[in-house]
Chemist: 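The structure is given below, and queries will be raised subsequently.
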Amino acid sequence: MTTTEKAAAPVDKTTEAKMPEAVITDEMIASMKARAGVDLRIDHSINNEEATRIAVIKFAGGIGDVNPLWTDAEHAAKSDFGAPVAPPSFVIGCFSGIQFGWPGLGAFHNATQAHFHQPVYWGDTITATCRYDGFTGPRPSTFAGQMVTDHFVNSYHNQHDELVAEIDWQVVNFERGSAKSRSKAAASDSGKPELVLPHPWQEEEIREVEARVLSEKPRGAQARYWEDVEVGDPIQTLTKGPIGLTDEVAFIAGGGTPIPRLKAHAAALVDYQTHPAWSFRDPVMGSSEPIYAVHYNKAAANAMGVAFQYDVGFQRQCWQTQLLTNWCGDQGWVRDCSSEYRGFVYLSDVVTLGGEVTGKSVTSDGEHVVELRTFARNQRGADVMPGAATIALPSRDEQSPVARRARSK
């Protein structure tokens with residue numbers, strides 16, 4: 001800043017970010033019931049259509065995954081895949097979710113069930129679809145008056161019309177105005193210590209966290225055989241944090257949501273004029289911002305009734321998938337994984353993911369699989385993402401699950 005410049009005042013210091021607020025009505029319920037079973041138009045929310053080398057590298061970087069299987073062509077060529085591939089969760093970077101229905105209600109993505117069928121190779125073209133399967137509710141909530149839960153199914157096919165992955169996901173919709181008033185009352189009446197945000201880390205604590213992050217490596221080419229795994233075995237940890245603004249921006253740049261696709265200037269304003277519910281007015285900058293900005297804009301998060309910026313549900317799902325691929329190694333295959341998103345992961349939080357083996361079996365198609373229970377605990381000790389997974393591991397007597405799925409080149 002030069003000597004002739006000075007900081008400008010905000011647009012209006014007394015103004016808070018405003019988002020549309022509504023209550024659930026019979027008319028709204030009837031309208032949403034009529035849409036059940038519909039394949040949605042998702043063009044505005046597709047971020048990647050081709051798994052180019054750069055697209056895969058950006059996605060892996062955006063979720064913080066350092067596995068060379070996704071980024072090093074020579075390493076991948078020596079694996080059972082036989083060629084460079086994308087992380088299983090890459091399909092989320094093609095299309096993850098969509099803002100749909102329930103005008104004026106707030107929404108939180110609260111659970112996901114992912115099923116991975118085939119690998120995505122560099123150069124594959126991915127076509128995504130999204131079906132709305134209706135909703136459950138409404139039901140009363142101590143958080144926000146009434147809530148309804150939407151159910152969606154994403155399907156992903158490659159250029160050979162092979163089903164690569166399916167993702168079932170749920171979104172809780174709530175009466176935003178009621179949520180804000182109830183959260184303020186709950187904060188004053190809870191008797192619990194006030195949540196301090198951002199978290200007040202000491203420098204030595206941060207250094208310890210970063211040292212742990214750097215020590216956590218993917219298993220890679222070292223096979224983890226099914227015969228060597230026992231029920232009750234813990235799996236190694238994966239640490240994320242302290243989570244910062246760039247972590248959220250990197251996820252977006254790598255193809256993670258926004259809903260709709262992030263745009264600027266006139267390109268954004270045209271969308272916001274057509275769909276006013278997609279945006280809000282930033283009280284400090286005066287700009288129109290997407291409601292997706294709750295993940296990096298404090299004013300947006302506050303308008304949603306949340307104290308601070310917070311992570312993306314599908315981003316958290318990618319962390320769980322990374323935990324699993326780190327553990328199973330290059331010859332293992334994540335068949336499916338599921339998670340519930342409980343509580344917020346705020347910027348400045350540290351989340352430690354881990355889990356344990358809960359079962360072993362051989363499937364009807366001859367794969368040797370293990371069942372896992374997973375967790376994701378923040379520095380306050382809360383499990384913000386309990387989950388489960390089924391992983392096919394190599395057996396000493398059988399072809400590896402990756403080799404079974406590898407495409408001939």
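Quick caveat, the model's predicted, so the values are computed rather than measured.
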Chemist: Within this structure, what is the OG1-CZ distance for the pair Thr149 and Phe135, rounded to the nearest 0.5 Å?
Modeler: 10.5 Å
Chemist: Which value, rounded to the nearest 0.5 Å, describes the distance between Ile63 atom CD1 and Thr321 atom OG1?
Modeler: 7.5 Å
Chemist: Keeping the roles fixed (side chain from Ser361, backbone from Thr363), state whether a donor-acceptor pair exists under 3.5 Å.
Modeler: no
Chemist: Phe108 pairs by ring pair (Phe, Tyr, Trp, His ring centres under 6.0 Å) with which of Phe174, Trp169, Tyr341?
Modeler: Phe174
Chemist: May I ask you to say whether Arg316 pairs ionically with Asp311, meaning some side-chain N is under 4.0 Å from a carboxylate O?
Modeler: yes
Chemist: Looking only at non-hydrogen atoms, find the nearest pair between Asp124 and Pro119 and report the distance.
Modeler: OD2-O, 4.0 Å
Chemist: Tell me the side chain to side chain donor-acceptor pair (under 3.5 Å) pairs involving residues 64-87, sequence neighbours left out?
Modeler: Asp65-Trp70, His75-Asp330, Asp80-Ser400
Chemist: What closest approach, in Å, do Ala76 and Leu69 show between heavy atoms, and which atom pair accounts for it?
Modeler: CB-O, 3.7 Å
Chemist: Check Asp271 with Lys263, please: is the shortest side-chain N to carboxylate O separation under 4.0 Å?
Modeler: yes
Chemist: I'd like to check His151 versus Val171 (side-chain heavy atoms, cut-off strictly below 4.5 Å). Are they in contact?
Modeler: no
Chemist: Between Trp333 and Phe116, is there a donor-acceptor pair closer than 3.5 Å when you use the side chain of the first and the backbone of the second?
Modeler: yes
Chemist: Check whether any side-chain N or O of Tyr156 sits under 3.5 Å from a backbone N or O of Phe95 as a donor-acceptor pair, and report yes or no.
Modeler: yes
Chemist: Just wondering, do Ser45 and Pro260 contact through their side chains at under 4.5 Å, heavy atoms?
Modeler: yes
Chemist: With distance as the sole test, does Arg281 use its side chain to make a donor-acceptor pair with the main-chain N or O of Gly286 at under 3.5 Å?
Modeler: yes
Chemist: Hey, could you give me each pair passing side chain to side chain donor-acceptor pair (under 3.5 Å) that has a residue in residues 205-220? Not counting sequence neighbours.
Modeler: Glu203-Arg207, Arg212-Thr239, Arg212-Thr352, Glu216-Thr237, Glu216-Thr239
Chemist: Please walk me through it: do Ile252 and Tyr296 pass side chain to side chain contact (heavy atoms under 4.5 Å, CB included)?
Modeler: CA-CA 11 Å; Ile252 297 169; Tyr296 52 81; 3.6 Å; yes
Chemist: Restricting to side-chain hydrogen bond (donor to acceptor under 3.5 Å, both in side chains), what partner residues turn up for Gln113, sequence neighbours left out?
Modeler: Gln170
Chemist: Answer yes or no: does atom NZ of Lys360 have more than 12 heavy-atom neighbours from other residues, nucleotides or ligands under 6.0 Å?
Modeler: yes
Chemist: Asp247 side chain to Gly244 main-chain N or O, any donor-acceptor pair under 3.5 Å?
Modeler: yes
Chemist: Taking everything shown except Arg396 itself, do over 12 heavy atoms lie less than 6.0 Å from its CZ?
Modeler: yes
Chemist: Got Val120 and Val85 here, is their nearest side-chain heavy-atom distance under 4.5 Å?
Modeler: no
Chemist: So do Tyr225 and Val229 actually touch side chain to side chain, heavy atoms under 4.5 Å?
Modeler: no
Chemist: Take atom CD in Gln273; do more than 12 heavy atoms of anything else shown fall under 6.0 Å from it?
Modeler: no
Chemist: Would you compute the distance between atom OG of Ser288 and atom CH2 of Trp278 and round it to the nearest 0.5 angstrom?
Modeler: 14.0 Å
Chemist: Salt bridge or not for Arg335 and Asp365, using N-O below 4.0 Å?
Modeler: yes
Chemist: Give a yes or no on whether the backbone of His199 and the side-chain of Ser348 come within a donor-acceptor separation of less than 3.5 Å.
Modeler: yes
Chemist: Looking at CZ of Phe81 and CZ of Arg407, how far apart are the two atoms once the value is rounded to the nearest 0.5 Å?
Modeler: 11.5 Å
Chemist: Walk me through it: do Tyr292 and His295 pass the test ring pair (Phe, Tyr, Trp, His ring centres under 6.0 Å)?
Modeler: CA-CA 6 Å; Tyr292 180 82; His295 303 298; 4.8 Å; yes
Chemist: Does a side-chain heavy-atom distance below 4.5 Å link Trp327 with Val370?
Modeler: yes
Chemist: Please name the pair of heavy atoms, one in Ser89 and one in Phe59, separated by the smallest distance, quoted to 0.1 Å.
Modeler: O-CZ, 3.2 Å
Chemist: Where the side chain of Thr325 meets the backbone of Gln322, is there a donor-acceptor pair that is under 3.5 Å apart?
Modeler: yes
Chemist: Say whether Glu162 and His117, considering side chains only, have a donor N or O and an acceptor N or O under 3.5 Å apart.
Modeler: no
Chemist: CD of Gln99 to CD1 of Ile291: how many Å apart, nearest 0.5 Å?
Modeler: 3.5 Å
Chemist: Does Arg404 pair with Glu398 as a salt bridge, N-O distance under 4.0 Å?
Modeler: no
Chemist: State whether Asp349 and Lys240 are salt-bridged, where the test is any N-O pair (Lys NZ or Arg NE/NH1/NH2 against Asp/Glu carboxylate O) under 4.0 Å.
Modeler: no
Chemist: Is there side-chain contact between Asn297 and Asp282, with heavy atoms separated by less than 4.5 Å?
Modeler: yes
Chemist: More than 12 non-hydrogen atoms from neighbouring residues, nucleotides or ligands closer than 6.0 Å to NE2 on His265, yes or no?
Modeler: no
Chemist: If you look at every heavy atom in Val350 and Gly241, which pair is closest and at what distance?
Modeler: CG2-C, 3.9 Å
Chemist: Can you tell me how far apart CD1 (Ile42) and CG (Asn154) are? Round to the nearest 0.5 Å.
Modeler: 7.0 Å
Chemist: Quick one: does NZ or CZ of Arg35 land under 6.0 Å from the six-membered ring centre of Phe100, within 45 degrees of the ring axis?
Modeler: yes
Chemist: Check this for me: does any side-chain nitrogen of one of Arg131 and Asp133 sit under 4.0 Å from a carboxylate oxygen of the other?
Modeler: yes
Chemist: Would you mind reporting whether Ile391 and Leu372 have side-chain heavy atoms less than 4.5 Å apart?
Modeler: yes
Chemist: For the residue pair Thr358 / Glu371, report whether a side-chain donor-acceptor contact shorter than 3.5 Å exists.
Modeler: no
Chemist: State whether the side chain of Glu340 and the backbone N or O of Pro386 hold a donor-acceptor pair below 3.5 Å, judged by distance alone.
Modeler: no
Chemist: Which pairs would a plain distance check flag for residues 46-57, meaning a side-chain donor or acceptor within less than 3.5 Å of a matching protein atom at least two apart in sequence or in another chain?
Modeler:
from  : atom 1 : to     : atom 2 : distance (Å)
Asn47 : ND2    : Gly255 : O      : 3.2
Asn48 : ND2    : Gly93  : O      : 3.0
Thr52 : OG1    : Ala55  : N      : 3.0

Chemist: Is there a side-chain contact between Val357 and Glu230 (heavy atoms, below 4.5 Å)?
Modeler: no
Chemist: Any idea which heavy atoms bring Val172 and Arg139 closest together, and the distance?
Modeler: CG2-NH2, 4.1 Å
Chemist: Answer yes or no: is there a donor N or O on one side and an acceptor on the other, between the side chain of Asn110 and the main chain of Arg342, under 3.5 Å?
Modeler: no
Chemist: Quick one: do Val306 and Val294 satisfy side chain to side chain contact (heavy atoms under 4.5 Å, CB included)? Show the steps, please.
Modeler: CA-CA 9 Å; Val306 184; Val294 294; over 6 Å; no
Chemist: The criterion is side-chain contact (heavy atoms from CB on, under 4.5 Å); which residues satisfy it with Val362, sequence neighbours excluded?
Modeler: Trp226, His368
Chemist: How far apart are the C-alpha atoms of Asp336 and Thr390, what are their side-chain angles, what is the distance that settles it, and do they pass the side chain to side chain donor-acceptor pair (under 3.5 Å) test?
Modeler: CA-CA 5 Å; Asp336 57 66; Thr390 304; 3.3 Å; yes
Chemist: Could you tell me which residues satisfy ring-ring contact (aromatic ring centres under 6.0 Å, His included) with Tyr346, sequence neighbours excluded, listed by chain and number?
Modeler: Phe344
Chemist: Are the charged groups of Arg224 and Asp233 less than 4.0 angstrom apart, N to O?
Modeler: no
Chemist: May I ask you to check whether over 12 heavy atoms, not counting those of Arg373, lie within 6.0 Å of atom CZ?
Modeler: no
Chemist: Look only at the side chain of Thr274 and the backbone of Val270, and say whether a donor-acceptor pair between them is shorter than 3.5 Å.
Modeler: yes
